[in-house]
Asker: 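Here it is, the structure in full.
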Amino acid sequence: MTIEVTIIGGSGYIGGELLRLLLIHPEVTVKSVTSRRLMGTSVTMVHPNLRKFTSLKFQGKPDLDCDVVFTALPHKASFKIVPELLENGLKVIDLSADYRLDAERYAAWYIEHPQPDLLEKAVYGLPELNREKIKNATIVACPGCMATAGILALYPLNDLGEDILIEAKIGSSAAGAKVSESGHHPERCNTVRAYAPVGHRHQAEIEMIIGRKVKFSAIAIDMVRGILATAYIKTGTKIDQKEVWKQYREQYKNEPFIRLIKMKTGLYRYPDPKVLIGSNFCDVGFEIGKEILVAFGALDNMVKGGSGQATQNMNIMFGLEETTGLLYPGLHPA
Amino acid sequence: MTIEVTIIGGSGYIGGELLRLLLIHPEVTVKSVTSRRLMGTSVTMVHPNLRKFTSLKFQGKPDLDCDVVFTALPHKASFKIVPELLENGLKVIDLSADYRLDAERYAAWYIEHPQPDLLEKAVYGLPELNREKIKNATIVACPGCMATAGILALYPLNDLGEDILIEAKIGSSAAGAKVSESGHHPERCNTVRAYAPVGHRHQAEIEMIIGRKVKFSAIAIDMVRGILATAYIKTGTKIDQKEVWKQYREQYKNEPFIRLIKMKTGLYRYPDPKVLIGSNFCDVGFEIGKEILVAFGALDNMVKGGSGQATQNMNIMFGLEETTGLLYPGLHPA
Amino acid sequence: MVEIARTGECPECGALIGLKDPLIREITTCEECGVTLEVISIEPLLFEIAELEGEDWGE
């Protein structure tokens, strides 16, 4: 079984990471990669880590004689292409925010969704929660990177109450390849920048999935890859630790890419993206205080928070073993 | 064919990187990992990136019922064990500096070598130059990380003359897992530390292989993984660029892990470890000035400069396709 | 005689721990939460968190 893949929007970091994973995926052939801006340029000019792995050049038009299309475009750009892809009978895995929310939430955060019928068909691409639906989906909307970390940290917990604050610490690669003042090295290095203390759109995804209001804040820190989401849940009473362990174990015991981390010893006692660089794992853990439960979710925003999760969804959609081409340990130290 | 492997000295960064590569190597089973200091402790306590990949614990004694032993011990510690391993009919891949130099050079840089007969048998483990010898070797001495970068940059060049200066810029992981003043984060971050401007032992390896005297200097920079060796060769006259390309191409045209990088455009025009993190490639390149030829060698000190090269040697010694379990693109950005 | 592994519950995190031929006062570690445990009963297999001198870990 060889899955023929086309990537629309391959010049960015997520496009590059998709290529890194798919070019060495045992069941995949990458047929075409598009970039209007860099049409005719070798892919390795923008993704030099892929030298010797591909001689592909960016194309203006995608080769649609394939099995699945990954769309890795800036937000709102997918609206122009996805309908046509689906009409061509192609499966679509979209990495933008365009089809993630339900119609109601989308309207609340943005505008009326321009393609409500498509939005209805789109499946939220979080395998640990939506595996069955993803199997039969024709369009999968991959979750936001911080939403993935926040949701996976919180989802197993029963008594969440109403007072939840999530703060995501995040690396610079999540802002993408486009140069900007905020990404300028002398300004970005060693910053601890509260760039979205309120109103970040990943909040909507988290609220949609865990079914209650949350406060969400994003802080950029001195890291290229990685997210640590810390969720502070007011519990009012001290919760029993073994009960919380049980809830996490029950939810994640068969999940290949979730690891439960709450250790009494060692340097890495709670989830930490430092040991996840380049891997598709999300490390989840917690700690209990007098009137608070702190839950953690750590991942590599480019892999489990992006291209790795998209590949995991592809594996599920095509009936492959879900870990195919994804079972890599993180680099340590790195 | 399954190769049964034992790692002696598995608690350091090189030991951890060997495990990262060997635990997902399609033809290898890791039978035992030793660490006297951490005997009985789970390997994942020290290598948390390997959680879910192994349940091995560190052993005090190595399990010698295997095919090959990797020795990743501090320098001079291999002397105590290697003879016994060889007598047991085992193949040994040593990552220390104990068997790298010829007797004469070893005496010049250190003391009389305590095991001259063994030193004689040891093969210098640089596949690009020693492939045939490595095939039949029972003991392979893996080169130093900076030596690897310096040698691969210079080796193809014919008219090297007598005036060669090599400066290696190197990351903190090369200093190992042991804590120290020099490795203390507030001191190590953002440093540009000339820690060995003269007299570094990797100079001896480079001189041995390219057969002439060199000046060698090592500078620690703000990086965890990576080496860039810049070699400045006084040529006296302007050399023809095509001639130099030809020399590199002839030497490396069939090498799976060498890439020639000298580009007129793009951000990565010369070799740069930035795009090699986690990969076994050595990127080689050059530039020509009026009276000088500058040659470059870039690699990840933990992979091509250490555990990856050791694995590459294992593949050769056991007749496997040389790239088995090693063909991973570097992470970018990371 | 096949060594039967007895299982008991980690008092810290509730994980199941298997020990072949456990001894009273034997020290072991829970793989899931890394806590050091002491065997306090064989039949049933019961553990107690072993007292360790405080380890300096914080920043």
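Chain letters run A, B, ... following the sequence lines, proteins first, then strands; residues in each count from 1.
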Asker: Who passes side-chain contact (heavy atoms from CB on, under 4.5 Å) against B/Met223, sequence neighbours left out?
Answerer: B/Ile221, B/Pro273

Asker: Does any heavy atom of chain A fall under 4.5 Å from the side chain of B/Tyr268, the backbone, both, or neither of them?
Answerer: both

Asker: Of the backbone (N, CA, C, O) and the side chain (C-beta and beyond), which part of B/Ile258 lies under 4.5 Å from a heavy atom of chain A, both, or neither?
Answerer: backbone

Asker: Counting only heavy atoms closer than 4.5 Å, note whether B/Ser279 contacts chain A via side chain, backbone, both or neither.
Answerer: neither

Asker: Let me know if B/Arg20 has heavy atoms under 4.5 Å from chain A in its side chain, its backbone, both or neither.
Answerer: both

Asker: Are a donor atom and an acceptor atom from the side chains of B/Asn301 and B/Ser173 found within less than 3.5 Å of each other?
Answerer: yes

Asker: Which pairs count as salt bridge (Lys or Arg N to Asp or Glu O under 4.0 Å) when at least one residue sits in residues 21-32 of chain B, sequence neighbours excluded?
Answerer: B/Glu4-B/Lys31, B/Lys31-B/Asp63, B/Lys31-B/Asp65

Asker: Between B/Gly266, B/Gly16, B/Pro256, which residue shows the highest count of heavy-atom pairs closer than 4.5 Å to chain A?
Answerer: B/Pro256

Asker: Which residue in the set A/Arg269, A/Lys274, A/Lys304, A/Arg259 passes salt bridge (charged side-chain N to carboxylate O under 4.0 Å, His left out) when paired with A/Asp283?
Answerer: A/Arg259

Asker: Go through the side-chain N and O atoms of A/Thr6 and A/Ser32 and say whether any donor and acceptor fall under 3.5 Å apart.
Answerer: yes

Asker: Would you call the rings of B/Tyr270 and B/Phe296 parallel, tilted or perpendicular, where under 30° means parallel and over 60° means perpendicular?
Answerer: tilted

Asker: Is there a donor-acceptor pair under 3.5 Å between the side chain of A/Thr44 and the backbone N or O of A/His47?
Answerer: no

Asker: Under 4.5 Å, heavy atom to heavy atom, which residues of residues 321-334 of chain A contact chain B?
Answerer: A/Leu327, A/Tyr328, A/Pro329, A/Gly330, A/Leu331, A/His332, A/Pro333, A/Ala334

Asker: Can you tell which of A/Met263, A/Lys52, A/Glu17, A/Met302 has the highest number of heavy-atom pairs within less than 4.5 Å of chain B?
Answerer: A/Lys52

Asker: Against chain A, label B/Asn190 side chain, backbone, both or neither, depending on which of its atoms sit under 4.5 Å from a heavy atom there.
Answerer: side chain

Asker: Do you know which of A/Ile277, A/Leu276, A/Ile261 has the most heavy-atom pairs with chain B at a distance under 4.5 angstrom?
Answerer: A/Ile261

Asker: Under the ring pair (Phe, Tyr, Trp, His ring centres under 6.0 Å) rule, collect the residues that match up with A/Tyr252, sequence neighbours excluded.
Answerer: none

Asker: If you round to the nearest 0.5 Å, how far is OH of A/Tyr13 from CZ of A/Arg225?
Answerer: 10.5 Å

Asker: Without hydrogens or angle criteria, can the side chains of B/Asn280 and B/Gln309 be said to hold a donor-acceptor pair below 3.5 Å?
Answerer: no

Asker: Specify which of A/Val275, A/Asn49, A/Leu21 makes the most heavy-atom pairs with chain B at under 4.5 Å.
Answerer: A/Asn49

